Peer 1: 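Here's a structure for you.
Keep in mind that what you see is a predicted model, and the values were worked out from it rather than measured. All values below come from the heavy atoms of this structure, side chains included, with hydrogens, waters and symmetry mates left out.
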Amino acid sequence: VSSMRWCLLVWGGVVWVASTAPKATTASRIDGSHQAVAPRSPPLLPPGESVTETGVTATVGDSVVFTTIDEYAAFDIDWWHDCGDCSGGDWGNSSILHIDLTSTRLRNLVAGAAPALIRVGGSEDNVAKYELGGMSLAECQTPTPFRGKPTSLCMTAFRLDEVLDFFNATKSAFIWGVPYPTTDTSKWNSTNPRALLSYLAAKGYTPLGLELGEEMAPSPLDAGTDGRGSESEYTALVEAYSELHAIVKQLWPLNPPVVLGPSVGMSDEVASNKFIPHFIKDTIAAGSLQAVNMHSYNNDGGWPNPGFLSQTKVQATTMLELTRNASATTPLWCGECGPHNGGGINGTTDTAVSSFWYMDALGELARMGLAQFGRQALAGSHYGLLQETTHTPNPDYWVLWLWKQMMGSQVLDATLTSAKQNPSLESPSPSPSVADMLHVYAHCRPQQSSSAGTAVLAFVNISPNTTHSLTVAGAGSKGALAMYTFSTPGGTNSNMVSLNGIPLEMSGDSLPKLPAAVLKPSTAPVPIPPLSYGFIALPGAIEACTTAIHREAA
């Protein structure tokens, strides 16, 4: 009895008995400290009981509220390797230095997420070296201290060519994490980074974006009282961004990559950190920063139960406010976003339970106004989209696969209302119980889709017992609704998911065909089953979606 907490909840005239384990999730900060975060989950009915929530309406708006970049749903390939306790999880051969880029399966999976955007980078960017320019192989392989351990991360010219060939074969755009080696005076030593960028330009490759000085906490971020930390270190960092911008303009004068920053760790993305507003203001004023970049993990997402975006939403709200205080137009990206840091949670963030968070995060961050979402990671540890050795898709990959086919860059307003309105509110709103269980998001279909001009409604239902009887209303909703519903027949902690009742799995090295949609008339509510997520394609054209809006987010 001491290991459980019991509570009574009254909702909808039903008394619910819920039991929760008192164990809290431990949220690891980038700086190595830990903070206990209580897991959250929706109320539970007694086993075997269920309820249907009626009178729930999702209304799709007829105007675009935000436009992301076309490659919004991106993913990362990290430098992490198996190095004992210097990183979380088991990375195997998933590092950018070792992953098998000739694998037919891997190439098919990346091409299946078109338009793909791959970010090469991570915390170890700052100590990576390249056998380019005047750097010899011996010098490239010489270890550099990283978190107190000698670390050798040397990318040879041959390996770099393999990476670039992979991008070309999969038609992937890419972001590259630029190293931040320093001189004796703490200034950025740009010799080897410049050789890298010159090599890319000479080979005819243009990165979509560049990150510099990733996760530089704790110095120069939190020293001093004015947010500039050590004045010499702060000045060196800002000057490094100006130098990188100059290099970029020289190498790619017509179509320069986006320079992203400051790419700090999640524990620094708080309003009290005075470094961030100073850095954003100074670099934007200098013209050296084209997009503000955050890194975040949703450590308090209700694990190990299905949950929604939480901690990352708070951080994104703060970063958006700080960005808007400095610029009305500079976009915010989440270059490294994942379900839980420290390599994820084995048996949780690599199973179907993670997909509820992932679907919600993709929808919520786009609705908030983030232009890009870089999922950590393509493969490796316990939060990879793919299993590290076989590259078998984990459930989250299938979310990405279908999101790319359904959800374009144009974000529409989608509101959820319930017949059970809160009398304290002047406008209709879902009752707290519905809002805590069901989320909806709407986008125009991708411009390259055969159904361009229409919209898709994404839904996430984290309740284990409640079926939502959902009426779809608003723009484009008249006619037959095409439903694609993910389910977890083996439980949310399984690696297997089904789409419209068909198990999703590879056929050899090839992706499966998209299962046929389940058609439902829009004149009647559609059921959203417990513990399900998916998409509802609307039949009618929406004027905002038929207008090709390609406003660049950066």
Side-chain angles (χ1 to χ4, degrees), residues 30 68-80 94-96 99 109-110 113-125 163 166-167 170 172-178 207-215 257-266 269 289-299 309 311-313 315-316 319-320 323 330-341 343-344 349 354 357-366 368-381 383-386 394 396-397 399-401 403-404 407 409 553-554:
I30 295 298
T68 70
I69 65 170
D70 289 340
E71 305 88 351
Y72 168 73
F75 45 87
D76 305 342
I77 303 180
D78 213 305
W79 290 92
W80 281 120
S94 299
S95 164
I96 188 61
I99 192 169
L109 287 162
V110 170
L117 172 60
I118 302 173
R119 173 247 194 183
V120 175
S123 306
E124 294 183 305
D125 277 351
V163 174
F166 179 78
F167 293 157
T170 57
S172 299
F174 66 96
I175 298 168
W176 204 281
V178 179
L208 181 64
L210 299 170
E211 290 187 67
L212 177 65
E214 293 192 53
E215 300 187 0
V258 175
V259 175
L260 305 157
S263 308
V264 297
M266 53 191 282
E269 293 164 354
L289 187 73
Q290 286 77 58
V292 176
N293 195 40
M294 60 180 280
H295 291 180
S296 184
Y297 290 86
N298 200 57
N299 288 355
L309 187 71
Q311 184 169 355
T312 295
K313 184 177 180 179
Q315 292 166 347
M319 292 296 289
L320 276 168
T323 301
T330 302
L332 175 64
W333 294 28
C334 192
E336 181 179 315
C337 265
H340 198 291
N341 70 349
T349 55
S354 178
W357 157 82
Y358 188 33
M359 176 80 95
D360 189 59
L362 286 169
E364 184 62 44
L365 291 181
M368 290 177 67
L370 271 71
Q372 184 261 4
F373 183 125
R375 168 63 188 266
Q376 175 80 341
L378 176 61
S381 199
Y383 48 28
L385 294 169
L386 311 176
N394 282 325
D396 281 7
Y397 174 81
V399 171
L400 173 69
W401 177 65
W403 180 279
K404 289 285 193 174
M407 308 290 270
S409 60

Peer 1: Can you sort out the partners of Glu364 under salt bridge (charged side-chain N to carboxylate O under 4.0 Å, His left out), two or more places apart, ordered by chain and number?
Peer 2: Lys313, Arg367

Peer 1: Parallel, tilted or perpendicular, judged at 30° and 60°: which one describes the rings of Phe373 and Trp357?
Peer 2: tilted

Peer 1: Between Arg375 and Glu336, does at least one N-O distance fall below 4.0 Å, as a salt bridge requires?
Peer 2: no

Peer 1: Test Phe75 against every option in Leu400, Leu386, Asp396 by the side-chain contact (heavy atoms from CB on, under 4.5 Å) rule and name the one that passes.
Peer 2: Leu400

Peer 1: Using every non-hydrogen atom in the two residues, find where Ala291 and Trp333 come nearest and quote the distance to one decimal.
Peer 2: CB-NE1, 3.6 Å

Peer 1: Looking only at atom types and distance, does a side-chain atom of Asn293 sit under 3.5 Å from a main-chain N or O of Leu260, one as donor and one as acceptor?
Peer 2: no

Peer 1: Within this structure, what is the CD1-CG distance for the pair Ile77 and Leu378, rounded to the nearest 0.5 Å?
Peer 2: 5.0 Å

Peer 1: Taking the inter-plane angle between the rings of Phe167 and Trp176 on a 0 to 90° scale, is it parallel (under 30°), tilted (30 to 60°) or perpendicular (over 60°)?
Peer 2: perpendicular

Peer 1: I'd like to know if the side chain of Tyr72 and the backbone of Leu362 have a donor-acceptor N/O pair within less than 3.5 Å.
Peer 2: yes

Peer 1: Give the C-alpha distance, both sets of side-chain angles, the deciding distance and a yes or no for side chain to side chain contact (heavy atoms under 4.5 Å, CB included) between Ile96 and Val163.
Peer 2: CA-CA 8 Å; Ile96 188 61; Val163 174; 4.0 Å; yes

Peer 1: Restricting to non-hydrogen atoms, name the atom on Gly261 and the atom on Leu289 that form the minimum distance, rounded to 0.1 Å.
Peer 2: N-CD1, 3.2 Å

Peer 1: Within the side chain of Glu269, is there an N or O that forms a donor-acceptor pair under 3.5 Å with the backbone of His295?
Peer 2: yes

Peer 1: Evaluate the criterion side chain to side chain contact (heavy atoms under 4.5 Å, CB included) for residue pair Met266 and Asn299; output intermediate values, then yes/no.
Peer 2: CA-CA 10 Å; Met266 53 191 282; Asn299 288 355; 3.7 Å; yes

Peer 1: With no hydrogens and no angle check, just 3.5 Å: does a side-chain donor-acceptor pair link Gln311 and His340?
Peer 2: no

Peer 1: What pair of heavy atoms forms the shortest contact from Ala316 to Met368, and how long is it?
Peer 2: CB-CE, 3.8 Å

Peer 1: Go through the structure and list residues passing salt bridge (charged side-chain N to carboxylate O under 4.0 Å, His left out) with Asp78, not counting sequence neighbours.
Peer 2: none

Peer 1: Donor-acceptor pair, distance only, cut-off 3.5 Å: does the side chain of Thr349 make one with the backbone of Gly344?
Peer 2: no

Peer 1: If you look at every heavy atom in Leu208 and Ile69, which pair is closest and at what distance?
Peer 2: CD2-CD1, 4.2 Å

Peer 1: Quick check: does any side chain N or O of Asn341 sit under 3.5 Å from a backbone N or O of Tyr297, one acting as donor and the other as acceptor?
Peer 2: no

Peer 1: What are the two closest heavy atoms between Phe166 and Val110, and how far apart are they?
Peer 2: CZ-CG2, 3.7 Å

Peer 1: Give the intermediate values and the outcome of side chain to side chain contact (heavy atoms under 4.5 Å, CB included) for residues Cys337 and Gln376.
Peer 2: CA-CA 6 Å; Cys337 265; Gln376 175 80 341; over 6 Å; no

Peer 1: Kindly give the heavy-atom pair with the smallest separation between Pro339 and Tyr383, and that separation in Å.
Peer 2: CG-CB, 3.8 Å

Peer 1: Tell me, with the steps shown, if Arg119 and Glu211 meet side chain to side chain contact (heavy atoms under 4.5 Å, CB included).
Peer 2: CA-CA 9 Å; Arg119 173 247 194 183; Glu211 290 187 67; 2.8 Å; yes

